[in-house]
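Report on the structure given below.
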Amino acid sequence: MSGPDARQALLQRHGGDRVAEALQAQGVTELFTLCGGHISPILSASRSRGIRVVDVRDEVTAVFAADASARLTGRPGVAAVTAGPGITNTITALKNAQLAQSPVVLIGGAAPTALQGRGALQDIDQRPLVEPHVKRFLKMQRVRDLGPAVAEAFALAQSGVPGPVFIECPVDLLYDEASIRQWYADAAGKGNSLPDRALRWYLNRHAQQMFAGSGQVVAPEPQQVHVPHAAEGALQAALAALRQSRRPLMVIGSQAVVLAGEVAKLAEAVQRLGIPVYLSGMARGLLGRDHPLQMRHQRRVALREADCVLLAGVPCDFRLDYGKHVRRSARLIAANRSTRDARLNRQPNVAAIGDAGRFLQALAGAGPVATGMHDDWLGTLRRRDAEREAEIDVQAALHGAHVNPLAFFRALESEAGDDAVFVADGGDFVATASYVLHPRSPLSWLDPGAFGTLGVGAGFALGAALARPGAETWIVWGDGACGWGLAEFDSFVRQGIPVIAVVGNDAGWTQIAREQVKMLHDDVGTVLARSAYHQVVAGFGAVGLEIRRRDAVRSTLAEARALARQGRAVLVNVWLDKTEFREGSLSM
Ligand SMILES: Cc1ncc(C[n+]2csc(CCOP(=O)(O)OP(=O)(O)O)c2C)c(N)n1
Ligand SMILES: [Mg+2]
């Protein structure tokens, strides 16, 4: 055997290929990574098997991308990073995925099994660093376990409350057996002393264990994913509460759309329920751009008025003021895969422990639900929504020397395409966007979630763009937030990924400055420059555009879209005016 055949045979044998084979069996199409010697065989074998290896400039980006991919496709996103610093760099994204309940599979390299704890390159005890942030830390010690571990990780990541799973793959499990045995033989030396012979015996036995049973290559079958279902009693109790209610209200959040393949059915169910609804997190866009049942403003007021509130995949955390937003006397129905989240800070009247999206579908399938709803409840909410829109219009019409962020997003709302996916990464600029932009369709809005992590933008956009090839991917970036991801314009350009970033340049970390200056009369640490971010990305080969005046907004956005359609990555640096719009808002 020679040439490609020999190479193929070699690939077939090594552990890196066992991993790649198992990824392929799961239908993985992209592997996000930043290379390292510990994981080279996985990357190479993945590419040989037709998996697109997408390499980035910071490991955290790889995991953010895997997270976004998971959220948009409903299948786990996968990243592979090298041992030690490669892994420590992912911690923020892992934690973010855990809190967002996003099914990510992270494959991490590790020092050779026989050298762990003996001062090898990048050898640290990875378990205590990673374990608190994942559902399971799978430590590999035998080649034959690699494929089954991947299958297990995929099932675990998606089952119950979804979340990240880590597989630690020591480098000596990933290369072919002959090379590793040779490497161990060289390490053992040829000496004849007792310690030399003892070492040889030990290393030989060690290799024996590592490769035991690895001769049989069994294609790893995907394992069953466990989707929890709420009990029939909870369904009936919820139906009864909703049917009696005069002013029912739903809040649907990210967890209700984790079964991404079912979002169309879910959207139909929500419309059939006929109950006014607020959509948050990944559920934004579920009912399309505008739907008469969907409210966008004054949620707190509505929750105070409602006499029955259904929280679907939404915990009573800071976003609902720890449950205080819902009036005491209201019947509270919590549909959640997590028992803890369903009961967080407030005991619901009905706890439907199971997939929230399926629960809504089951409710809608049980016949008319909004039977007791007051004639004018929907009208009251709609009027309030319209009043708030009118107030925003007034604020959007105030003009300074540069660009009013509200006016900017009004323009982006009408310029962005029907297939647009918006990635939100920043403070005030992004909060403003969340009131003004209307996500077009289910799963077309990505924000970090409960971890409130700045810096998700580039990785999320990468994952989104690959999950939705051909769609417009917009990053809505604060000028502070963009600093984490600017270098990924290099990745976008090299891999031909036409992301459009709009940077709200207010020369500061404004969301923080607003309160800090008011409370402490000190802007320390919150001031940035009006930096030329568009020039930075030009250095990577992307197109940089700048908007300093409002009359250039529409034409520049149109230009950015046209360039993206030609395959170019674009950054639009928008000089913002100060605005009072976010005055008084604070999250803790
Ligand atoms: C990783 C991380 N670091 C710090 C923060 C705290 N933080 C929240 S909002 C914000 C300001 C964001 O500034 P920018 O992106 O420019 O948006 P702006 O508020 O100016 O519109 C900061 C620093 C955070 N949420 N995440
Ligand atoms: Mg800013």
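We count ligands from 1, going down the list as the structure has it; atoms in each ligand are counted the same way. Computed from a predicted model, the values in this text were never measured in an experiment.
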Item checked: Exceeds 12 heavy-atom contacts within 6.0 angstrom, atom CZ of R549 -> no
Checklist line | Residue part near ligand 1, for D506, under 4.0 Å between non-hydrogen atoms | finding: side chain
Notebook entry, point to check: Quick one: do E131 and R136 make a salt bridge, cutoff under 4.0 Å?
Noted result: no
Checklist line | Any side-chain heavy-atom pair of D290 and H438 under 4.5 Å | finding: yes
Check: Taking N or O atoms only and a 3.5 Å limit, does G508 qualify as a polar contact for ligand 1?
Finding: yes
Check: Counting distance only, does the side-chain N/O of N573 pair as donor-acceptor with the main-chain N or O of E546 below 3.5 Å?
Finding: no
Notebook entry, point to check: Got Y322 and L344 here, is their nearest side-chain heavy-atom distance under 4.5 Å?
Noted result: no
Check: Do the side chain of D425 and the main chain of G455 share a donor and acceptor less than 3.5 angstrom apart?
Finding: yes
Note to self: Could you enumerate the protein N, O or S atoms under 2.8 Å from the Mg ion (ligand 2), written like residue then atom name?
What the structure shows: D479 OD1, D506 OD1, G508 O
Note to self: With respect to T510, determine whether any N or O atom, backbone or side chain, lies less than 3.5 Å from an N or O atom of ligand 1.
What the structure shows: yes
Check: What is the closest protein heavy atom to atom 14 (P) of ligand 1, and at what distance does it sit?
Finding: G480 N, 3.6 Å
Check: F429 and F409: aromatic ring centres closer than 6.0 Å?
Finding: yes
Check: What protein heavy atom sits nearest atom 3 (N) of ligand 1, and how far off is it?
Finding: W484 CH2, 4.0 Å
Item checked: Salt-bridge criterion met for R468 and D419 (N-O under 4.0 Å) -> no
Next item on the list: Going by the salt bridge (Lys or Arg N to Asp or Glu O under 4.0 Å) test, name the single residue among R410, R296, R384, R383 that passes it with E389.
Entry: R410
Margin query: Can you classify the ring geometry of W474 versus F422 as parallel (below 30°), tilted (30 to 60°) or perpendicular (above 60°)?
Written below: tilted
Next item on the list: Could you tell me if any non-hydrogen atom of G504 lies under 4.0 Å from any atom of ligand 1?
Entry: no
Next item on the list: Evaluate the criterion side-chain hydrogen bond (donor to acceptor under 3.5 Å, both in side chains) for residue pair T453 and N96; output intermediate values, then yes/no.
Entry: CA-CA 7 Å; T453 321; N96 191 69; 2.6 Å; yes
Note to self: Judged on heavy-atom distance to atom 16 (O) of ligand 1, which of D479, D428, L576 sits nearest?
What the structure shows: D479
Notebook entry, point to check: Nearest protein heavy-atom contact for atom 23 (C) of ligand 1: which residue, which atom, what distance?
Noted result: W509 CE3, 3.4 Å
Notebook entry, point to check: Any idea which atoms of ligand 1 are less than 4.0 Å away from a heavy-atom of G426?
Noted result: 15 (O)
Next item on the list: If you have a sec, work out which protein heavy atom is nearest atom 17 (O) of ligand 1 and how many Å separate them, to one decimal?
Entry: G427 N, 3.0 Å
Next item on the list: Note the single closest protein heavy atom to atom 10 (C) of ligand 1, along with its residue, its atom name and the distance in Å.
Entry: I512 CG1, 3.5 Å
Item checked: Nearest-contact summary for atom 21 (O) of ligand 1 - protein heavy atom, Å -> F429 N, 2.8 Å
Notebook entry, point to check: In terms of residue, atom name and distance, what is the protein heavy atom nearest to atom 15 (O) of ligand 1?
Noted result: A481 N, 2.9 Å
Item checked: Sidechain-backbone polar pair: R304 side chain, K324 backbone, donor-acceptor under 3.5 Å -> yes
Next item on the list: With sequence neighbours excluded, tell me which residues meet ring-ring contact (aromatic ring centres under 6.0 Å, His included) with H402.
Entry: W575
Note to self: If the contact criterion is a heavy-atom separation under 4.0 Å, does G452 count as touching ligand 1?
What the structure shows: yes
Margin query: Heavy atom to atom 24 (C) of ligand 1, shortest distance: which of L454, D425, N96 holds it?
Written below: L454
